[in-house]
There are 2 protein chains.
Amino acid sequence: MNLPALCEAFVLHFGEMGSRWGINRTVGQIYAVLFIAERPLCADDIVERLGLSRSNVSMGLKELQSWNLLRRRPMPGDRREFFAAPDDIYAIVRTLVDERKKREIDPTLSVLRELLMRTPVTPEERHAQSRLKDMHELIELLTGWYAEVQKLETERLIQLLSLGSKVAKVLDIKDHLFALPGGKAKSKAAANSPGA
Amino acid sequence: MNLPALCEAFVLHFGEMGSRWGINRTVGQIYAVLFIAERPLCADDIVERLGLSRSNVSMGLKELQSWNLLRRRPMPGDRREFFAAPDDIYAIVRTLVDERKKREIDPTLSVLRELLMRTPVTPEERHAQSRLKDMHELIELLTGWYAEVQKLETERLIQLLSLGSKVAKVLDIKDHLFALPGGKAKSKAAANSPGA
DNA sequence: CCGAATTTTCGGATATTTCTGAAATCAAGG
DNA sequence: CCTTGATTTCAGAAATATCCGAAAATTCGG
């Protein structure tokens, strides 16, 4: 691996991590190299740095492109294709989450919905369906939240994340400020939470 | 596969999904079966339902236990070990996230920290370090947020998730209510160094 | 302690994934 | 069009991961 020690260590770790996610080691390494590179790289640059076969790099780049994780950066006077990782790391994470959602969560949701439509025959199936319903509701809740949060600009998002659970406190304040008449009936949901 | 059609469809899909995460297909299927089962199951029950070898199931269960995803449910008068997935699906997700964090994020953080301590020699290394710093900060932000949110009870969490980005609106209100003098200067500083 | 029931370990068979080099395809300049 | 350089495809080799059955270890009731 033809890289300074610092870079090599990062690339190796990142490849290893990648292999624990659906991404394979090589693709992870390729992305790591692009992520820390000072300038856009072409396939040959990557071959040189990682010592992989040319075709393997080509496959890896194709895979990364299919995840929308690369920016094409044509270099004037050079016919080869150059790529770079987006500068904005938040953009990278957003893309990553979007793609995983599209590939894994969405198909799961549609399977769950389909299974929930079926009429259970045995008690066993009835019980299975009720579990599936729980799962479906949870996923809907999470994806709904994510869709909302995805809309925020990065600045706002950081602000929100920094707050952490303190947001819950803000909610308390809001609850008090806008306490509604008939609050008792309304606060049925809150009945279980001692925080009320 | 010795299961009602509904269950089989779910188990197959779940196994497939599992294989896209670090979990292997079989382990995914085993968990799916346990997740929708009406009662705790022993290894033989699983062998019967999935048609796997006894030893493979044993491995799978061991793996799932190492993820803290199973509850042991001893059956009086039966020497075999019975397992069930937790009833509370929120608990399952929390455990899953915790474990992935422990296995993937935490080691990454410590690698990043180590690399950021080193003194860069070349400009190339200097640039790599600045990228690594960005990544480190982002991960810290996310894990910090998660640690906070993890503390909330499920009720509260649901409430918060349901709000989605509307929370940002609540923040606006808060900002207006407690508008600080010199707010402009302050918000600039906050953007660069959240820890200040 | 012994022995039956159960679980785990482990070597190697099987299946899957990854990787390569050669050949095919593509694209731009002459 | 043809040449040259770049990229992609593809079939099989190499490397990994998964899975099984047999044997070893463990556990618990006598």
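Below, read A as the first sequence line, B as the second, and so on, with proteins coming before strands; counting in each chain starts at 1.
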Closest non-hydrogen atoms of A:R72 and A:F83, given as atom of the first, atom of the second and distance, are NE-CE2, 4.1 Å

Assess whether a salt bridge exists between A:R39 and B:E124, defined as any Lys/Arg side-chain N lying under 4.0 Å from an Asp/Glu carboxylate O. no

Do B:N2 and B:E8 meet the criterion of a side-chain donor-acceptor pair at a distance under 3.5 Å? no

Checking B:R20 against A:W21: charged group under 6.0 Å from the ring centre and within 45 degrees of the axis? no

Gap between atoms CG and P, on B:L61 and C:dT6 respectively (whole Å): 15 Å

For the residue pair B:Q159 and B:R156, confirm or rule out a side-chain donor-acceptor distance under 3.5 Å. yes

Can you tell whether the side chains of A:R54 and A:E48 come within less than 4.0 Å, N to carboxylate O? no

Got a list of protein N/O to nucleotides 19-28 of chain C N/O distances below 3.5 Å?
unit_1: C:dC19; atom_1: OP1; unit_2: A:T26; atom_2: OG1; d: 2.5
unit_1: C:dC19; atom_1: OP2; unit_2: A:T26; atom_2: OG1; d: 2.6
unit_1: C:dC19; atom_1: O5'; unit_2: A:N56; atom_2: ND2; d: 3.3
unit_1: C:dT20; atom_1: OP2; unit_2: A:S53; atom_2: N; d: 3.0
unit_1: C:dT20; atom_1: OP2; unit_2: A:S53; atom_2: OG; d: 3.0
unit_1: C:dT20; atom_1: OP2; unit_2: A:N56; atom_2: ND2; d: 3.0
unit_1: C:dG21; atom_1: N7; unit_2: A:S55; atom_2: OG; d: 3.3
unit_1: C:dG21; atom_1: O6; unit_2: A:S55; atom_2: OG; d: 2.8
unit_1: C:dA27; atom_1: N3; unit_2: A:R79; atom_2: NH2; d: 3.3

Please determine whether a side-chain nitrogen of the Lys or Arg among A:E104 and A:K101 lies less than 4.0 Å from a carboxylate oxygen of the Asp or Glu. no

Nucleotide range of DNA chain D contacted by chain A, 5' to 3', under 4.0 Å to a heavy atom? D:dT4 to D:dC10

Do B:Y146 and B:D98 have side-chain N/O donor and acceptor atoms under 3.5 Å apart? yes

